[in-house]
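What follows is a single structure, written as structure tokens, with notes after it.
These numbers come from the heavy atoms of this one structure, side chains and all, not from hydrogens, waters or symmetry mates. Below, read A as the first sequence line, B as the second, and so on, with proteins coming before strands; counting in each chain starts at 1.
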Protein chains: 2
Amino acid sequence: MPKNRQDLDNSLKKQMIKDSARNIFLADGYEKTSITRISKQAGVTANTIYWYFSGKDELFAAVLEELISVFVSALSQRSETYSLEENLLWMLESFQFAKPLIITVHERSAISDAVATVHNNFHNSVESLLGKVLNESGFEAARIKPVIRIASFVVEGLLMHEVSIKEKQEIVKQLLAILSPLRDK
Amino acid sequence: MPKNRQDLDNSLKKQMIKDSARNIFLADGYEKTSITRISKQAGVTANTIYWYFSGKDELFAAVLEELISVFVSALSQRSETYSLEENLLWMLESFQFAKPLIITVHERSAISDAVATVHNNFHNSVESLLGKVLNESGFEAARIKPVIRIASFVVEGLLMHEVSIKEKQEIVKQLLAILSPLRDK
DNA sequence: ACCTGAACACCGTTCAAGT
DNA sequence: ACCTGAACACCGTTCAAGT
């Protein structure tokens, strides 16, 4: 019987599991990624994962949380120096690699509270950030919330569907027209 | 050993399978619905389903096709007599019952060609229908396509996320402002 | 406290065999 | 042509037993 690997630092092993999970989730999607495969890549047994995470959804939620925190802090930095237009386009670009997971987030949110919570927090973070920008640019206050929601739904839609580059540009252009503070003048 | 039930009409049995599948899919979602459970409700063995459908995704696609054809023909009738606003609100309402499946459609489209095809056809049908309406109401031609896409992404977004009634109304209101032909005058 | 091997109850799908 | 019982290779998860 292989030894316990208590030599390895505890939180380090947890991080290895998360890293393996993230890599395989991103490459092959949630469903095709088995706990066994994650465990092998992390150098542990499948059941060891259950010592650190209470289930596959909770592991997925932990992976999401890391990805999202990187993304949100990058966006929050950018939002001070770049325009809304540049940030929207940047969001579309930098999310591309996580495309298969975006659909999964919605699917698992209906099943797992852990995933649903992470999903909600994400929407709140991004939408409050964009709302702040619109507010400072003199956008009519009453319209900010619904318009931000429209923008985030469109971004999600663009990531979830196969859309040609040309069409994508047209959609972003129209979306930006809606988001322009000039419309209130 | 139970007899073959070749007494039952062939296409009738196929329909029974589709009906059982639809009911359980709608009630419990794709993942929680096993082939075995569908087969029991339809009064056949699990493997019999594989005589009529090449897999779970193909059965799901067939179920979707039926649901969509009912929906599209209803929408196409309505679009002649009702306003765009009324039809948008009607779409939101009448889709509510299929909420769990909308997310699944996107998830399985990434995996199954059969589901992807049905999904694409659906978007094309709805968007060409709405495009026709906008065209007749004198909407600037170049903006029709992207704006229609925005509308359909927002409808999907509203169906995929938990949104309060009040917020939903605000979003629809802002969306309609974008879709109003008056903006071109 | 941490980790294992073995088992559990499922799953979608396949296949040889029946009618 | 149509349908079955039995099996296959998996899956996420649990648990008694080890260190």
Atom-pair distance (CD1 on A/I111; C1' on D/dG12), nearest Å: 13 Å
Can you find a side chain N or O atom of B/T48 that sits less than 4.0 Å from OP1 or OP2 on D/dC3? no
With sequence neighbours left out, write down each residue that passes ring pair (Phe, Tyr, Trp, His ring centres under 6.0 Å) with B/W90, or none if nothing qualifies. B/F71
Criterion side chain to side chain contact (heavy atoms under 4.5 Å, CB included) on A/F60 and A/L101, from CA distance to verdict: CA-CA 10 Å; A/F60 180 58; A/L101 297 193; 4.1 Å; yes
Separation of A/K32 atom NZ from C/dC11 atom C1', in whole Å? 16 Å
Under 3.5 Å for both pairing distances: what stems, at least three Watson-Crick or G-U pairs long, include DNA chain D? C:4-8 with D:12-16, C:12-16 with D:4-8
With sequence neighbours left out, what residues match A/S20 under side-chain contact (heavy atoms from CB on, under 4.5 Å)? A/I38, A/Q41, A/A42
Quickly work out the B/I49 CD1 to C/dT13 P distance and round it to whole Å. 10 Å
Could you check how far OH of A/Y50 sits from P of D/dT13, rounded to whole Å? 3 Å
Nucleic acid contacts - residues 51-62 of chain A versus DNA chain C, non-hydrogen atoms under 4.0 Å: A/W51, A/Y52
Should A/K18 and A/E66 count as an ion pair when the cut-off is N to O under 4.0 Å? yes
Partner residues of B/D19 under the salt bridge (charged side-chain N to carboxylate O under 4.0 Å, His left out) criterion, sequence neighbours left out: B/R22
Write down the distance between NZ (B/K40) and P (D/dT4), rounded to a whole number of angstrom. 13 Å
Across all chains, not counting sequence neighbours, the ring pair (Phe, Tyr, Trp, His ring centres under 6.0 Å) partners of B/F53 are none
Sorted by first residue and then second, give each salt bridge (charged side-chain N to carboxylate O under 4.0 Å, His left out) pair with at least one member in residues 80-105 of chain A; sequence neighbours left out. A/K99-A/E162
Atom CD of B/E31 and atom P of D/dC11 are separated, to the nearest Å, by 14 Å
Mind jotting down which residue pairs meet the salt bridge (charged side-chain N to carboxylate O under 4.0 Å, His left out) criterion with at least one end in residues 40-49 of chain A? Sequence neighbours excluded, please. none
Within the 4.0 Å heavy-atom criterion, would you say B/S39 contacts the bases, only the backbone, or no part of the nucleic acid? nothing
Per the salt bridge (charged side-chain N to carboxylate O under 4.0 Å, His left out) rule, what does the pair list look like for residues 118-136 of chain A, sequence neighbours excluded? A/E127-A/R149
Without decimals, in angstroms, what is the distance between B/K13 NZ and D/dA1 P? 16 Å
Rounding to an integer number of Å, can you tell me how far B/I38 CD1 sits from C/dT13 C1'? 14 Å
Which residues share a ring pair (Phe, Tyr, Trp, His ring centres under 6.0 Å) with B/F153, sequence neighbours left out: A/H161
Pick out the pairs of N or O atoms, protein on one side and nucleotides 7-10 of chain C on the other, that lie under 3.5 Å.
none

Side-chain contact check for A/V44: nearest option of D/dT4, C/dT4, C/dT13 is C/dT4
Sort and list the pairs that fulfil salt bridge (charged side-chain N to carboxylate O under 4.0 Å, His left out) and have at least one residue in residues 150-159 of chain A, not counting sequence neighbours. none
